[in-house]
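Below is one structure; the comments refer to it alone.
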Amino acid sequence: MPVDAEDDLPEQIRVRREKRQRLLDSGQDAYPVSVPRTHTIAQVRAAHPDLEPDTATGETVSVAGRVIFVRNTGKLCFATLRAGEGTEIQAMLSLDKVGEERLAAWKADVDLGDHVSVTGEVITSRRGELSILADSWVLAAKTLRPLPVEHKPLAEETRVRQRYVDLIVRPQAREVARLRIRTVASLRESFAARDYVEVETPMLQTMHGGASARPFVTHSNAFDIDLFLRIAPELFLKRCVVGGIDRVFEINRNFRNEGADSTHSPEFAMLEFYEAYADYRDMARTTRELIQEATLAVHGSLVFERIDGETRDFSGEWDEVYVYPSVSEAVGREITPETPVEVLRELVEAVGIKPEKTWVPGKYVEELLEHHVVSTFVRPTFVMDYPEDTSPLVRAHRTQPGVVEKWDLYIDGAEQGTGYSELVDPVIQRDRLVAQSLLKAGGDVEAMQVDEDFLRALEFGMPPSGGVGVGIDRLLMNLTGLNIRETILFPLVKPE
RNA sequence: GCGCCGCUAGCUCAAUUGGCAGAGCAGCGGACUCUUAAUCCGCGGGUUGUAGGUUCAAGUCCUACGCGGCGUACCA
């Protein structure tokens, strides 16, 4: 080991390395393959819920945990051991029980952060703290880096970059890590109860489609072709419906090569589900039920307090508003799919938004909607019946020309999901995708490609169907009040 | 992208007008057989994000770059 490199280490890391070496030199193992462990800390706590102070149980156990506090006195040492899930128990090491040599070794060798195994009687201290009075102890794993201060919050960046440390010291980090999968498990249970089939469709795609977004591009050496990381599973799930998987869902990652901020991550978890013989209203109801069931699974109530202390109410039926009427009301004049684009442009510019030349008329309407209407919805709200020209995969409204059967679900002013009566006419679908590809040729990097295989699938006949996409990260954000980086265990960050 | 703010000990943070770089916890040495973020005595620990510049003197002022946060624009 180069001496110079050692000298450059911070003092506390150097000291811990020396302790490790000292243990090895004396024939002890700093990282034994196994240590005594008869019970988890949680099991010991559960078995002795309310002992009186200064009680001896006569029961001997071996527990293991990370040392997070030490209170070493001359002949009686105390330590708090913490299990991975956060349960804690006190270890007591006395001169009588472990002997002079092992007590001295404890004081000299054990640092905050080390994993240790302690064997001894379950007792309570005179102050009533549930403890293991050690007959023996052994190091389970030496920690070479000092833990951060327990009682000062870690800097947000350190929490994100070193989530392992965050998980050790911050209860909420442990809680959120489990919350995500509890939410996803609830969704899967809800789908199972509705006879849905879960599938996994390609992440690596030769065409990108199903959403308007810039894809990540990668390369297959075997095929010598460029591939796209998927921006959405939509076109494959529809192939499933064509093939007769009438109720199908997928929960998996999408990748979009776009900005990252407190509400957007380049990779994010997405739920999409499709149901034959359902329309967008059926899908809205199912979506509400899924989210309500997940809310119950996480919070136990549809009226709940988030981690940030705010209260939200997801109970009952959810509000429905309509795009053109609500925009009309907001701008003080009637807006319809026939409203000339010049009028829309004036209204958009009047609120300080700069139109781009690729915008179609419906885009202006959506901008007005977002600016005037949507941010006011705290309670979950379905915004229904969108412009046709911004939704190339949606079926035309059954009675209103220029409008499609689509809703967006807004919670707390942010889009939580979207649902359609799906477009299943292969001829109209082809026209829409060709129009998209022309936009793409004109420089719109988010426009879709003409996916011939998808069109061929539709030509085999897709039953009338409803489809929904729900952002899982967004759902967690809405259930907790956290930003997106807190809901993702290891969010993408630039290298240090 | 653009604008503003930040980056100091292992961690969390101070440092007045440009004038000896500090504290708490953690660490090291010592005392202590019922502690609870133990206490008491003593001692170490810094390339102030990186590279330049101005100045007798730079954590502090200037320039560039890196990383981060917030705001703003686009996307879920």
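These figures come from a predicted structure and were not determined experimentally. Note: hydrogens, waters and symmetry copies are ignored here, and every other heavy atom, side chains too, is used. The chains referred to below are lettered A, B, ... by the order of the sequence lines, with proteins before strands, and numbering in each begins at 1.
- Listed by residue number, A:Phe69, A:Val70, A:Arg71, A:Asn72, A:Thr73, A:Gly74, A:Lys75, A:Leu76, A:Phe78 are the residues of residues 66-82 of chain A with a heavy-atom contact under 4.0 Å to RNA chain B.
- With sequence neighbours left out, the ring pair (Phe, Tyr, Trp, His ring centres under 6.0 Å) criterion links A:Tyr410 to no other residue.
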For nucleotides 7-13 of chain B, 5' to 3', base contacts (B), sugar-phosphate-only contacts (S) and non-contacts (-) with protein non-hydrogen atoms under 4.0 Å give ---BBS-
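- The gap from the P atom of B:U8 to that of B:G68 amounts to 15 Å, rounded to the nearest Å.
- Only the C1' atoms considered, B:C74 is 42 Å distant from B:A15, to the nearest whole Å.
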Contact list (N/O, under 3.5 angstrom) for nucleotides 70-76 of chain B vs protein:
from  : atom 1 : to       : atom 2 : distance (Å)
B:C74 : N4     : A:Asp261 : OD2    : 3.4
B:C75 : OP1    : A:Lys363 : NZ     : 2.4
B:C75 : O2'    : A:Glu258 : OE1    : 2.7
B:C75 : N3     : A:His264 : ND1    : 3.0
B:C75 : N3     : A:His264 : NE2    : 2.8
B:C75 : N4     : A:His264 : ND1    : 3.2
B:C75 : N4     : A:His264 : NE2    : 3.4
B:A76 : O3'    : A:Glu415 : OE1    : 2.7
B:A76 : O2'    : A:Arg474 : NH1    : 2.0
B:A76 : O2'    : A:Arg474 : NH2    : 2.8
B:A76 : N6     : A:Ser265 : O      : 2.7
B:A76 : N1     : A:Ser265 : N      : 3.3
B:A76 : N1     : A:Ser265 : O      : 3.1

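- Taking the centre of each ring, A:Phe249 and A:Phe191 come in below the 6.0 Å mark.
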Listed pairs under 3.5 Å, donor-acceptor, residues 136-152 of chain A side chains, sequence neighbours left out:
from     : atom 1 : to       : atom 2 : distance (Å)
A:Trp137 : NE1    : A:Arg102 : O      : 3.1
A:Lys142 : NZ     : A:Asp109 : O      : 2.6
A:Lys142 : NZ     : A:Asp111 : OD2    : 2.8
A:Lys142 : NZ     : A:Asp114 : OD2    : 2.6
A:Thr143 : OG1    : A:Gly113 : O      : 2.5
A:Glu150 : OE1    : A:Arg82  : NH2    : 3.3
A:Glu150 : OE2    : A:Arg82  : NH1    : 2.9

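- Taking a pair as Watson-Crick or G-U wobble with both distances under 3.5 Å, the runs of three or more consecutive pairs in RNA chain B are B:1-7 with B:66-72, B:10-13 with B:22-25, B:27-31 with B:39-43, B:49-53 with B:61-65.
- B:C61 sits 23 Å from B:G22 when the C1' atoms are compared, rounded to a whole Å.
- Using a 3.5 Å distance cut-off with no hydrogens or angles, the side chains of A:Arg256 and A:Ser265 do not pair a donor with an acceptor.
- One C1' atom belongs to B:G24, the other to B:U50, and the distance between them is 29 Å to the nearest Å.
- Contact annotation: A:Arg16 side-chain N/O to B:A26 OP1/OP2 distance is not under 4.0 Å.
- A:Asp25 and A:Gln21 are linked by a side-chain donor-acceptor pair at a separation below 3.5 angstrom, with hydrogens and angles left out of the test.
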